[in-house]
Amino acid sequence: MKSYNVAVVGATGAVGTRMLEQLTDTTLPIASVKALASARSAGKKVKFGNQELIIEELTENSFEGIDVALFSAGGSVSAKFAPYAVKAGAVVVDNTSYFRQNPNVPLVVPEVNPQALDEHNGIIACPNCSTIQMMIALEPIRRVYGLNRIIVSTYQAIGGAGARAMEEAENQYRSILNECVAPTEVEAHILPAGGDKKHYPIAYNALPQIDVFTDNDYTYEEMKMTMETKKIMEDDSIAVSATCVRIPVLVGHSESIYIETKKEPNISDIKRLIAEFPGAVLEDDVAHQIYPQAINAVGKRETFVGRIRKDLDAPFGIHLWCVSDNLLKGAAWNSVQIAETLHQRGLIHPVEQMKFELK
């Protein structure tokens, strides 16, 4: 069996370190792992199982001999360097939003649409973390009952904004609890969006903004969920609307999802379908107060689904709640899982024709 040389781009970040962790327990046959990051991190060490890898500076020439390159270092880094990885013969799995809507790039959740990998052109995009877990929760329903409408409200962890946001949140709580600073007076430099004009505390707060606003008053995060859902499900007719909220939880995204099916749903059957679906775990026993919780999802690869119930007025309407570790299934694990699926389908090989521009 062939084994692969793997590169992790952004190896020092919140997702990159978890990519390395996931690679220590994978069905992907690995010959070597290279840790890549910016020049300021070059020479430092990062853990890989029982080893320590010396971080190398990311350059255009970093991918010679690499078979699989996992990217999680920001969209501008992927835009510049992913084509160089493809040119060198690697298959790229990109965890940023840069390539997600590119028609030459499959957008993949392995349990949902692995067939999209078959015609890849050297780059595969990993969807937004919130989209991924929603796809796991809804795909078993869609396959049997169809979907007309999705309305989702997310309760997203601080970890989705990166390690610096998590550190800032912890500092805010220290200031409030130890120094008696008012919650409205603590320093905030990152959330709700690093690139926006104003920043607000997340400690003891909920921020109904993730990413910056678009011209239609939805945020980019909300539009990502809308467009990615349609692309993954290959159905532009599904009505999708999202409201994305950041809450003071470090890791673990939660979502309240309302759907309208094409056929009248049977709740018992839907629970069975979810329980049997790969990557989904049914936690739905309200008589014993059993339902998905963010703290229980941390460190797990699965998506947890519960609170499944029919709408009181809409005969085809269903409400459900799903939770997942946004840094694992929402990012690192989904990326490694894509690489595993590429291997299983015999798709890790250089592409014959480059379809991406070198910058």
Side-chain angles (χ1 to χ4, degrees), residues 1-37 45-56 62-63 65-73 78 82 85-86 88-96 106-118 120 122-127 129 132-133 135-136 159 251 277-281 297-304 324-350:
M1 182 184 295
K2 177 176 172 57
S3 56
Y4 304 103
N5 299 315
V6 179
V8 175
V9 179
T12 59
V15 174
T17 55
R18 285 166 174 81
M19 284 177 169
L20 291 170
E21 291 172 4
Q22 296 302 301
L23 286 169
T24 65
D25 183 21
T26 177
T27 61
L28 183 72
I30 295 175
S32 68
V33 175
K34 179 186 285 191
L36 297 169
K45 295 181 179 179
V46 66
K47 284 189 65 177
F48 176 62
N50 296 323
Q51 310 173 44
E52 284 189 324
L53 303 177
I54 297 175
I55 297 168
E56 301 178 30
S62 294
F63 302 100
I66 295 297
D67 301 297
V68 179
L70 308 180
F71 274 69
S72 189
S78 294
V86 176
V91 178
V92 169
V93 181
D94 182 41
N95 193 57
T96 77
L107 185 65
V108 175
V109 180
E111 297 92 338
V112 175
N113 62 334
Q115 71 284 352
L117 295 169
D118 293 344
H120 79 77
I123 298 177
I124 296 94
C126 193
C129 47
I132 290 172
Q133 69 186 71
M135 294 299 95
I136 294 292
V251 178
F277 192 72
V281 175
V298 176
K300 298 186 174 78
R301 292 172 168 178
E302 297 84 6
T303 294
F304 300 85
S324 191
D325 186 323
N326 55 292
L327 299 177
L328 287 186
K329 183 52 184 170
W333 167 234
N334 199 71
S335 299
V336 172
Q337 195 179 15
I338 288 172
E340 290 183 350
T341 309
L342 286 165
H343 164 65
Q344 292 161 8
R345 298 172 85 91
L347 298 171
I348 299 178
H349 52 70

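Side-chain atoms are counted along with the backbone in the values below, which use heavy atoms only and exclude waters and symmetry mates. Each residue takes its place number in the sequence, starting with 1. The structure presented is a predicted model; accordingly, all values stated were derived computationally and were not measured.
Note that NZ of K329 is 10.5 Å distant from CD of Q133, once rounded to the nearest 0.5 Å. Note: I132 CD1 to S335 OG = 7.0 Å, rounded to the nearest 0.5 Å. With rounding to the nearest 0.5 Å, the separation of CD1 in I55 from NZ in K45 is 11.0 Å. For the atom pair OH of Y4 and CD1 of I30, the computed distance is 11.0 Å after rounding to the nearest 0.5 Å. L36 contributes atom CG, which lies 5.5 Å from atom CZ of F63 (distance to the nearest 0.5 angstrom). Note that CG of L20 and CG of L53 are 6.5 Å apart. Values are rounded to the nearest 0.5 Å.
Counting only N and O atoms by type, the side chains of Q22 and Q337 include no donor and acceptor under 3.5 Å apart. Side-chain contact annotation: E340 with T26, donor-acceptor N/O pair under 3.5 Å present.
When each of V15, N326, L327 is tested with C129 by the rule side chain to side chain contact (heavy atoms under 4.5 Å, CB included), just one qualifies, namely N326.
Side-chain contact between V251 and D325: present, with at least one pair of heavy atoms (C-beta onward) separated by less than 4.5 Å. Residues T24 and N50 have side chains not in contact (no heavy-atom distance under 4.5 Å, counting atoms from C-beta outward). Looking at heavy atoms from C-beta onward, S62 lies out of side-chain contact with E56 at the 4.5 angstrom threshold. Counting heavy atoms from C-beta on, the side chains of V91 and I124 come closer than 4.5 Å. Side-chain contact check for R301 versus D25: some heavy-atom pair is nearer than 4.5 Å. Looking at L28 and I348, their side chains come closer than 4.5 Å, going by heavy atoms from C-beta outward.
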Go through L23 and V6 one step at a time and tell me if the side-chain contact (heavy atoms from CB on, under 4.5 Å) criterion holds. CA-CA 9 Å; L23 286 169; V6 179; 4.0 Å; yes
| said: One pair to check against side-chain contact (heavy atoms from CB on, under 4.5 Å): S324 and E302. What are the steps and the verdict? | reply: CA-CA 7 Å; S324 191; E302 297 84 6; over 6 Å; no
Step-by-step side-chain contact (heavy atoms from CB on, under 4.5 Å) determination, I338 to V109 = CA-CA 7 Å; I338 288 172; V109 180; over 6 Å; no
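Looking at N334, its side chain does come within 3.5 Å of a backbone N or O of V108 through a donor-acceptor pair. Of the possible donor and acceptor atoms, none in the side chain of N95 sits under 3.5 Å from a partner among the backbone N and O of F71. Under a 3.5 Å cut-off, the side chain of N113 and the backbone N or O of L107 do form a donor-acceptor pair. The main-chain N or O of P29 is never found under 3.5 Å from a side-chain atom of K2 such that the two would form a donor-acceptor pair. For the pair H120 (side chain) and L347 (backbone), a donor-acceptor distance under 3.5 Å is present.
The salt bridge (Lys or Arg N to Asp or Glu O under 4.0 Å) pairs that include a residue from residues 341-350 are D118-R345, where partners are two or more places apart or lie in different chains. Applying the side chain to side chain donor-acceptor pair (under 3.5 Å) rule to pairs touching residues 6-20 yields nothing, sequence neighbours excluded.
Contact record, T96 with A73: CG2-N, 4.4 Å, taken as the closest heavy-atom pair. Across all non-hydrogen atoms, the minimal contact from S3 to D67 is O-OD2, 4.2 Å. Shown here for G279 and I136, the closest heavy-atom pair between the two residues is O-CG2, 3.8 Å. For the pair K47 and G49, the tightest heavy-atom approach, listed with the atom from each and the gap, is CE-O, 3.9 Å. Looking at every heavy atom in both residues, V68 comes nearest to A339 through CG1-CB, 4.2 Å.
Under the side-chain hydrogen bond (donor to acceptor under 3.5 Å, both in side chains) criterion, S32 pairs with N5, not counting sequence neighbours.
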